[in-house]
Amino acid sequence: MLLAGSALGADVGIPALSLVTNKDGSQSYTVTIQILALMTALTFLPAMLMMMTSFTRIIIVFSILRQALGLQQTPSNQVLLGLTLFLTIFIMTPILEKVNTEAIQPYMAEELAPLEAVKKASGPFREFMLMQTREDDIGLFVRISGGQYNTLEEVPFWIIMPAFVTSEIKTAFQIGFILFLPFLIIDMVVASVLMAMGMMMLSPIIISLPFKIMFFVLIDGWALVIGTLAASFGV
């Protein structure tokens, strides 16, 4: 009886790997393996968020803006990350809706195989990244890889991703430089006034900080920065 129970338990177990051949000759894995692959892919979600969306440009600009204002921990990192995340979702909504229509829903309806769904899902992200990536950056990584491609459509996804991030960092630094200029002028004016008054022992940063905050509030700075960032992606 004990041996029979053991054999019965072995028959009920979930198969570790099962490959199914479809009628058209294509092959697909069982749902168990698909779920395992999906759970593994979720571990790469933070990297994908930074590598394939507008997240990188936005968080760098916000960090530079905080430094330009002279505020070390205000707004806090949690606030900046939360604002960046929601702004990223807002900017990427058209791409995510397109992925849902072209890949996720057909896959859920069993109209697409898993690999075909992944290929369909990468299409909108590829178009978005190519629109934001400089050709010089793509050419750089093509030369590093040693490949030869006649058109952008032939460039593989793994070359576009680092080129996209490089372009995003360049663009973020350009926007940050423009944001830094007015606050730098305020610092220089305050420092010149204090030196002319003989108050060389008083830190100019302490005096200029309220003026920079007041200036930023009066011009509705957060709305201007967020609107500029959204417009830089064509939103």
Calculate, to the nearest 0.5 Å, the distance between atoms [atom1] and [atom2] belonging to [X] and [Y] respectively.
X      : Y      : atom1 : atom2 : answer
Ile226 : Leu87  : CD1   : CG    : 6.0 Å
Leu85  : Ile58  : CG    : CD1   : 9.5 Å
Leu229 : Ile91  : CG    : CD1   : 7.0 Å
Met52  : Phe128 : CE    : CZ    : 10.0 Å
Gln132 : Ser54  : CD    : OG    : 8.5 Å
Met129 : Ser167 : CE    : OG    : 11.5 Å

Hey, any chance [X] and [Y] share a hydrophobic cluster, counting ILVMFWY side chains that come within less than 4.5 Å of each other, even indirectly?
X      : Y      : result
Leu81  : Phe62  : yes
Ile159 : Met131 : no
Ile60  : Phe90  : yes
Phe180 : Phe173 : yes
Trp222 : Ile59  : yes

Keeping to residues at least two apart or across chains, list the salt bridge (charged side-chain N to carboxylate O under 4.0 Å, His left out) pairs with something in [range].
range            : result
residues 74-84   : none
residues 63-75   : none
residues 76-95   : none
residues 120-133 : Lys98-Glu127

How would you list, by chain and number, every residue that makes a side-chain contact (heavy atoms from CB on, under 4.5 Å) with [X], sequence neighbours excluded?
X      : value
Val165 : Met51, Ile169
Leu209 : Leu71, Ile213
Leu224 : Ile219

Write down the atom of [X], the atom of [Y], and the distance for their closest heavy-atom approach.
X      : Y      : result
Val142 : Ser145 : O-OG, 2.8 Å
Ala121 : Val99  : O-CG2, 3.6 Å
Ile95  : Pro124 : CG2-CB, 3.9 Å

Min side-chain heavy-atom separation Met92-Phe55 under 4.5 Å
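Result no, sub-4.5 Å side-chain heavy-atom pair not found.
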Can you find a heavy atom in the side chain of Phe164 that is under 4.5 Å from one in the side chain of Leu130?
no
List the residues meeting side chain to side chain donor-acceptor pair (under 3.5 Å) with Glu102, not counting sequence neighbours, and say none if there are none.
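Expected list: none.
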Of all residues at least two apart in sequence or in a different chain, which pass the side chain to side chain donor-acceptor pair (under 3.5 Å) check with Glu135?
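With neighbours one apart ignored, the set is empty.
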Residue pairs involving residues 83-97 (criterion side chain to side chain donor-acceptor pair (under 3.5 Å); sequence neighbours excluded):
none
For Lys170, check salt bridge (Lys or Arg N to Asp or Glu O under 4.0 Å) against everything at least two apart and list the hits.
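With neighbours one apart ignored, the set is Asp137.
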For Arg134 and Thr171: C-alpha separation, side-chain torsions, deciding distance, then whether side chain to side chain contact (heavy atoms under 4.5 Å, CB included) applies.
CA-CA 10 Å; Arg134 296 175 176 84; Thr171 305; 3.3 Å; yes
Residues 181-192 side chain polar contacts: donor-acceptor under 3.5 Å, at least two apart:
unit_1	atom_1	unit_2	atom_2	d
Asp187	OD1	Ser208	OG	2.8
Asp187	OD1	Lys212	NZ	3.4
Asp187	OD2	Lys212	NZ	3.4
Ser192	OG	Met188	O	2.9

Can a cation-pi geometry be assigned to Arg57 and Phe233, taking NZ or CZ under 6.0 Å from the six-membered ring centre and within 45° of the ring axis?
yes
Return yes when atom CZ of Phe157 has more than 12 non-hydrogen atoms of other residues, nucleotides or ligands closer than 6.0 Å, and no otherwise.
yes
